[in-house]
Each structure stands twice: as C-alpha cells, then as structure tokens.
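Residue numbering restarts at 1 for every chain, and letters A, B, ... go by the order of the sequence lines. Just so it is clear, the values below take in all heavy atoms, side chains as well, and ignore hydrogens, waters and symmetry mates.
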Amino acid sequence: MRTDYCGELSPADVGREVKLAGWVNRRRDFGTLTFVDLRDRTGIAQLVFSKGEREVHTLNREDVIAVTGTVARRSEGNVNPGMKTGAIEVHVNALTVLNRSKTPPFLVEGDGSDATEETRLRFRYVDLRRERLQRSLELRHRVFKSTRDFFSDNGFLEIETPFLTKSTPEGARDFLVPSRLTPGSFYALPQSPQLFKQLFMIGGIDRYFQIVKCFRDEDLRSDRQPEFTQLDLEISFPNDKEDVLVILEGAMAHVFRETLGVELDRPFPRVTYTEAISRYGTDKPDLRFGMEICDISEVVANSEFRVFREAIGNGGKVAGILAAGCSSYPRSKIDRLQEIAVSAGAKGMIWLKVEEEVSSPIAKFLSEGELASIREAFSARAGDLILLLAGQGIERPLGELRLAIGREKKPIDDGFGFLWVTDFPLFELDEDGNLTSAHHPFTSPRPEDIPTLEERPLSALSNAYDLVLNGTELGSGSIRIHSRDLQERIFRLLRIGEEEAQERFGFFLRALEYGAPPHGGFALGMDRLVMMMANERSLRDVIAFPKTTTGSCPLTDAPMPVSDAQLGELGLRLNERR
RNA sequence: GGGGGCGUGGUCUAGUCUGGUCUAGGACGCUGGAUUGUCACUCCAGAGAUCGCCGGUUCAAAUCCGGUCGUCCCCGCCA
C-alpha cells in the first residue's frame, strides 16, 4: 500500500522509507544509474535507481508502477529549483510494475496545445492526467462542495428532481426518451427543474437547491454543452427579489473566498436592462472596462451633416464610444472595427482622431463648434479615438465595438466583475411577430404592470434578473407567478389555448390552486462559473467528458445507431432518409 | 439552417496560393545500442505516411475543381 503522494514529499521526509505508486512520466537512463519521474495526482517525484535493477530499463511513459524507497536530500548542485519536489529524491529499493502502457498518443506534459482537441477527447483518460485538467476538475469539486456547504448552512435542502419527465413549454428543443411501456409516448429530459422546484415551494419545502444536470438540444458553442450543470434554487415568501439576490451574492462570495481566496465586493452593482442596453449595448456587459456609450444626439441635432440630421430625423440617434489612447490606430485596424460594427447591424462607422486638431473623413462637414462640442461630450483628449454610429438600433453594434476595443486593451483575466441586470421586459416579439416570454412564462410581471398587461404587453417589465460575470451570463431567475388567474392571463397573452395549457401543464395550474406561496429563485450555470474561475476559454476544459460541437463524444462514439430489435421494443421505426 | 478556419507517419506541423524540384521535410515521440547525476539528458543507428474519404481536371495532384465526413470558431438558435 502506498504511504505518500509524490508531489507532497519534501525535505521534512528525508530518511523516511516510503511507498509510492503512479505513472512513469519520463525515464533518463545512464545504464547503471537511472532516473524516473514518477507522477500521481499531486505531482512528480524523482526516483533514483542505482542498484542494477534490470526492470527499470524496460519502463516506458505511462507505465504504472509502485516503488519502495528512501527519501534523500539531493546534493548541492543537483537540486532542481524548477520542481516542487526538486530538493529531494527517492532512492528505490524495490520496483513493482503494476501495468504496462502503450505509447500514449500525446505527452502528458504541457497544457494540451500539443494535440488537437479531438485527439485529447478520444484519449480523455490520458488527457485527464494533465496538470491543467486535474487542477480544473479539483477546482470544480471545491466550487461544488463550497456551494453545497453554503446552501446547506443557510437552511436549503438539496432534493433531486426527475430526469425522465415531461416536455415543458420552455424555449429550447427537448431531448426525448421513448417509453417502452407506453409505445409512442416520450419522456423529455429536463431543460431545467423549473416546474418541480415551484412544486417544492407549493409543497412547503420553503428553501430548495440542487446541483443538477440540465439538457437542451440546441447547437453548441465553446460555452454551451447539450448537458450542463446548474445550481438550481428556489425560496418561498421572498421579500421581493432582494432576498434572492442577497443569497446569490452570499453564495458567490463564499465560493470565491473558499476556493480562490478572493473577496468579492458586495453588493454587486446593478443596472436595469434598459440602462445596460443604452450604456453598454448589451444585456450582459463586461464591467472590467468603462467605455460607456455616449449619446451625442442633442449635440449634433442641428448639424448640417446629412448622416446625423437624417439619423435623428428618422427617430434614431447618434452615439459612440471613446477609445482612449487609440488615435494611432492604423487604417486597417479601424476598417476591422467598422466591419465589426457593420456585421452587428450598423450602416457604417465614423471615426474622429483627436490630436491637437480633430481629424476625420467627415471633419469638413462639421463646424468648428460642433467638433469641439463632440470632443467635449466624450471628454476626449489628445491621443484618443472617437467611434460614432448613427441611426436606429445602433446599441448592439456599439456594444460589439466596445467589447472589441476593451478586450484588446485589457487582459481578459483581469479580476471578476459581477453585475445584476434587472427589470427585463416581460415579453418580446419572435420573428413572426408573436408575443413570447422574454424569460419564461412563469415569471411574474412587476405589480404595477399587471393591470395593463393586455393593453400594453410589450411595455410590461418583469421581476426577472440575470447574473453577469465579465460579460458572460452566468444565470437568471425571477419571482414567479403564484396565482392561477395571473398565470392563465399570461398563457392567454402567449396564445397558449386553454386546452393546450391543460394538456401540457395542467398539473401545474392545478397545483397553483392548492395553496401556492409567493416564491422565486434562480438558476446558475456551474460549468461556466468554473470555466471563468479557472480562466479557461472553453467549457470542455472544465467538464470531464464533454461533447464536441456536433454533440458527439470521440471517446465513446456516442451517439450511435441502435438495432432494429431495440427500436422495435420501443415501437419506433426510422425514416428511410437519415 | 447559414458563414468561415483546419484535416499530411503515433503526435504537432512545413509544403497547398504559383501542379512537376515531394522518392513528402522538420520537431517531438517510438525501436535498438552506448552512457553514474540527469531533470526538455546526451550520442550513434533505425523504423514509421494509401497527404481524411469519393469523384473530376491534367501528360502529371498533398497542391486545382466538385462532393462528402470529421473537428474548431461565429451568426441563427439556446426562456
């Protein structure tokens, strides 16, 4: 049996006889003297074989061995300062080869950039031996543990909800599971435990949380997997949304303190949805850099310049951002920024380089006074670059410009900027012009908007809130509807008919009639949280066995066709085309 | 559903634009040998590739064209 971990040996262990077990990281062989770097989860220790062992010469990378030996201090000059255990080594008395390894497809050293991601995923069990993944998964564990500790200590119960459940009227495509016992019928894997957690509140659980897998059959991205892990929570009798926000802030503060030793500033800043759009051009702004959007419509309202005049005349505006110290940007770079703005929906982009004078392709269309007041509106100083957009719907392109410049100027791992975004619209229009829920149909409207829901649905705001970290949406929540009447009004507005509502979630409407307390909650993407804490750029680097962007698993080759017999049992037959 | 990048020994890649010089180069890894203080050991010798797949153009294709598969990024989509 092993007595120690490789990476934990230190000069304090000198003289001890230890038993180690692990993988051969590397062998350096001098015939009668051989060094082997032995690796386990904690790190690497150098083994020294000098007693003419023959078997040591047969060791290859990733062979699994156990050794008995004595910890010795390395002589002066043989210390390796670049190695955690570089001051000691283990003089081996006995070697046992536990298992041989084929030559691995890639070396376990390094961060993985020496192999394609597909190869890494196909041999994930080798990739997992890397320090980078071991560190990410350990962080993931500690984040999960401290999350559970926090909610448990605050009176929350972790209770599981079913995976084999019913398709609910939410936004994403469902993963379906055919029922053998009821041929032709299907379970759906949950997109979230939304209705179940509301039923917990109706069931008097009062405070519920769960770290739980959710499933959404949509196209993938580097920050989106078909199955992902959420922190799901719900409380009864909240004092408005405040109770939920304070709990989440407490949870994040606890987790960051326990796992990274980082103290988060609380309360987190808040902006309303409307404010976020007008100041940052997005509903998930990255607050690590300023560069707020500056609306100069009033400044140029009477301008002779046609582009400005027409933009404002047509109900649009003129606004821009200040790229401080960027007046030396070459034309090619400015063109690239313009491309970003245009591909986000802008008609064009105007730039002004601020030096002693202001230079710009449009300078000749503007008066001295206008140039000066634009400069003043942005508080621009010599060396700055002003980027202007004009027209309608320019917020999003401005937001893209802001991101492009901000992320270039500042390192992306610069701290943790949490933010609440509140007061989202209750409804929005889909591409066919139909009303849909901006959050989900169980979100309550602000009380003052309830009387006018039917007359002015699009101006109703909701009791919904998003948590944003460094420009990434970490999660969202809301105070829910707990009255059947209001819930039915919402369904009617969404054109979900009485019959359809009954069939799809009549069970839930019925539950609302049996003493549903006021309640609200939140759901937070744990994979994304860990990704950001680990400073990784892909979810796949913080998930042990992730899927590729086409939803396949190179390790297991899932998904796979199944036999006709298996299909038959389920009462299924495939189309000819596939 | 749409746009873009990539696919060459075990791994990563050069070569592809401008077809012939490629009998496909390099690095790492691997195999055999030498080596008592290495830690990216070193030295000597060696093996290893239907250039993702199918088809086309051409005297000639890793290279050009069409299709297809895989993978990555982005838009749509993801309450």
Please produce a list of atom pairs where a protein N or O lies less than 3.5 Å from an N or O of nucleotides 36-38 of chain B.
| residue | atom | partner | partner atom | Å |
| --- | --- | --- | --- | --- |
| B:U36 | OP2 | A:F30 | O | 2.8 |
| B:G37 | O2' | A:N78 | OD1 | 3.1 |
| B:G37 | N1 | A:E89 | OE2 | 3.1 |
| B:G37 | N2 | A:E89 | OE1 | 2.6 |
| B:G37 | N2 | A:E89 | OE2 | 3.1 |
| B:U38 | O2' | A:R28 | NE | 3.4 |
| B:U38 | O2 | A:R28 | NE | 2.7 |
| B:U38 | O2 | A:R28 | NH2 | 3.1 |
| B:U38 | O2 | A:Q46 | OE1 | 3.3 |
| B:U38 | N3 | A:Q46 | OE1 | 2.8 |
| B:U38 | N3 | A:Q46 | NE2 | 3.0 |
| B:U38 | O4 | A:Q46 | NE2 | 2.8 |
| B:U38 | O4 | A:R74 | NH1 | 3.3 |

Counting only pairs under 3.5 Å, give me each side-chain donor-acceptor contact of residues 541-551 of chain A, with atom names and distances, residues two or more places apart or in other chains.
| residue | atom | partner | partner atom | Å |
| --- | --- | --- | --- | --- |
| A:D541 | OD1 | A:R120 | NH2 | 3.3 |
| A:D541 | OD2 | A:R132 | NH2 | 3.2 |
| A:K547 | NZ | A:E227 | OE2 | 3.1 |
| A:T548 | OG1 | A:T550 | N | 3.3 |
| A:T548 | OG1 | A:T550 | OG1 | 3.1 |
| A:T548 | OG1 | A:S552 | N | 3.3 |
| A:T548 | OG1 | A:S552 | O | 3.4 |
| A:T548 | OG1 | A:S552 | OG | 3.0 |

Inset, instruction - Select base, sugar-phosphate, or nothing to describe what A:T116 touches, counting heavy atoms under 4.0 Å on all strands. - result: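 The residue A:T116 makes sugar-phosphate contact but no base contact.
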
Just the rounded figure in Å: distance from [atom2] of [N] to [atom1] of [X].
| X | N | atom1 | atom2 | answer |
| --- | --- | --- | --- | --- |
| A:L429 | B:A79 | CG | P | 18 Å |
| A:F175 | B:C78 | CZ | C1' | 12 Å |
| A:E339 | B:G3 | CD | C1' | 14 Å |
| A:Y465 | B:A79 | OH | P | 17 Å |
| A:K284 | B:A79 | NZ | P | 12 Å |
| A:D466 | B:C78 | CG | C1' | 13 Å |
| A:M83 | B:C41 | CE | P | 11 Å |
| A:F228 | B:C78 | CZ | C1' | 9 Å |

What's touching nucleotides 46-52 of chain B from the protein side, N or O pairs under 3.5 Å?
none

Inset, instruction - Find the distance between NZ (A:K84) and OG (A:S10) and round it off to the nearest 0.5 Å. - result: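 Between A:K84 NZ and A:S10 OG, I get 9.5 Å after rounding to 0.5 Å.
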
Inset, instruction - Indicate yes or no: does A:R528 engage A:D223 in a salt bridge with an N to O separation below 4.0 Å. - result: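 Here A:R528 pairs with A:D223 in a salt bridge, since their nearest N and O are under 4.0 Å apart.
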
Legend entry - A:Y125 ring center near A:W23 ring center (under 6.0 Å):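 No - the distance between ring centres of A:Y125 and A:W23 does not fall below the 6.0 Å cut-off.
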
Legend entry - Ring centre gap for A:F505 and A:F491 strictly below 6.0 Å: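 Distance test on ring centres: under 6.0 Å, yes.
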
Using only heavy-atom distances, determine whether the side chains of [X] and [Y] contain a donor-acceptor pair under 3.5 Å.
| X | Y | answer |
| --- | --- | --- |
| A:S101 | A:D63 | no |
| A:T161 | A:Q210 | yes |
| A:Y465 | A:D423 | no |
| A:Q225 | A:D527 | no |

Can you tell me how far [atom1] in [N] sits from the matching atom in [M], rounded to whole Å?
| N | M | atom1 | result |
| --- | --- | --- | --- |
| B:A49 | B:U38 | C1' | 34 Å |
| B:C69 | B:C53 | P | 15 Å |
| B:U42 | B:U13 | P | 23 Å |
| B:U16 | B:G7 | C1' | 13 Å |
| B:U63 | B:C6 | P | 14 Å |
| B:A27 | B:A40 | C1' | 12 Å |
| B:G32 | B:U58 | C1' | 46 Å |
| B:G67 | B:C30 | P | 43 Å |

Name all residues meeting the ring pair (Phe, Tyr, Trp, His ring centres under 6.0 Å) criterion together with [X]; count only those two or more places apart in sequence or in a different chain, and write none if there are none.
| X | value |
| --- | --- |
| A:Y273 | A:F424 |
| A:F508 | A:F442 |
| A:Y280 | none |
| A:F418 | A:F256, A:F268 |

Legend entry - Base-contact (B) and sugar-phosphate-only (S) positions in nucleotides 67-77 of chain B, heavy-atom cut-off under 4.0 Å, - elsewhere: ---SSBSSBBB

Inset, instruction - For nucleotides 26-33 of chain B, just jot down a letter per nucleotide in 5' to 3' order: B, S or -, based on protein non-hydrogen atoms under 4.0 Å. - result: --SSSS--

With both distances kept under 3.5 Å, what pairs with [N], Watson-Crick or G-U wobble?
| N | answer |
| --- | --- |
| B:U58 | none |
| B:G9 | none |
| B:A45 | B:U31 |

Legend entry - Exam field: side chain A:R446 to backbone A:S462, donor-acceptor pair closer than 3.5 Å: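 Absent.
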
Inset, instruction - Would you check if the side chain of A:E234 reaches a backbone N or O of A:M201 as a donor-acceptor pair within less than 3.5 Å? - result: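 Not confirmed, A:E234 side chain does not pair with A:M201 backbone.
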
Inset, instruction - Could you check if a side-chain atom of A:I479 sits within less than 4.5 angstrom of a side-chain atom of A:T443, using non-hydrogen atoms only? - result: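 SC-SC contact between A:I479 and A:T443 ruled out.
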
Legend entry - 5' precedence on RNA chain B between A:T436 and A:G86 (nearest-nucleotide basis):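 Closest to the 5' end, via its nearest nucleotide, is A:G86.
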
Would you list the protein and nucleotides 4-9 of chain B atom pairs, both N or O, that sit under 3.5 Å from each other?
none

Legend entry - Pairs involving residues 70-83 of chain A, ordered by first then second residue, that meet side chain to side chain donor-acceptor pair (under 3.5 Å) (sequence neighbours left out):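 Every pair satisfying side chain to side chain donor-acceptor pair (under 3.5 Å) with a residue in residues 70-83 of chain A: A:S75-A:N78.
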
Inset, instruction - Using the ring-ring contact (aromatic ring centres under 6.0 Å, His included) rule, collect all pairs that involve residues 213-232 of chain A, keeping only residues at least two apart or in two chains. - result: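 Qualifying pairs, neighbours excluded: A:F163-A:F215.
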
Legend entry - Nucleotide of B:C78, B:U11, B:C39 approaching A:T119 most closely (side-chain heavy atoms):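 Within the option list, the nearest is B:U11.
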
Legend entry - A:S192 vs B:A79: side-chain N/O to OP1/OP2 distance below 4.0 Å: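 Indeed not, no polar side-chain atom of A:S192 lies that close.
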
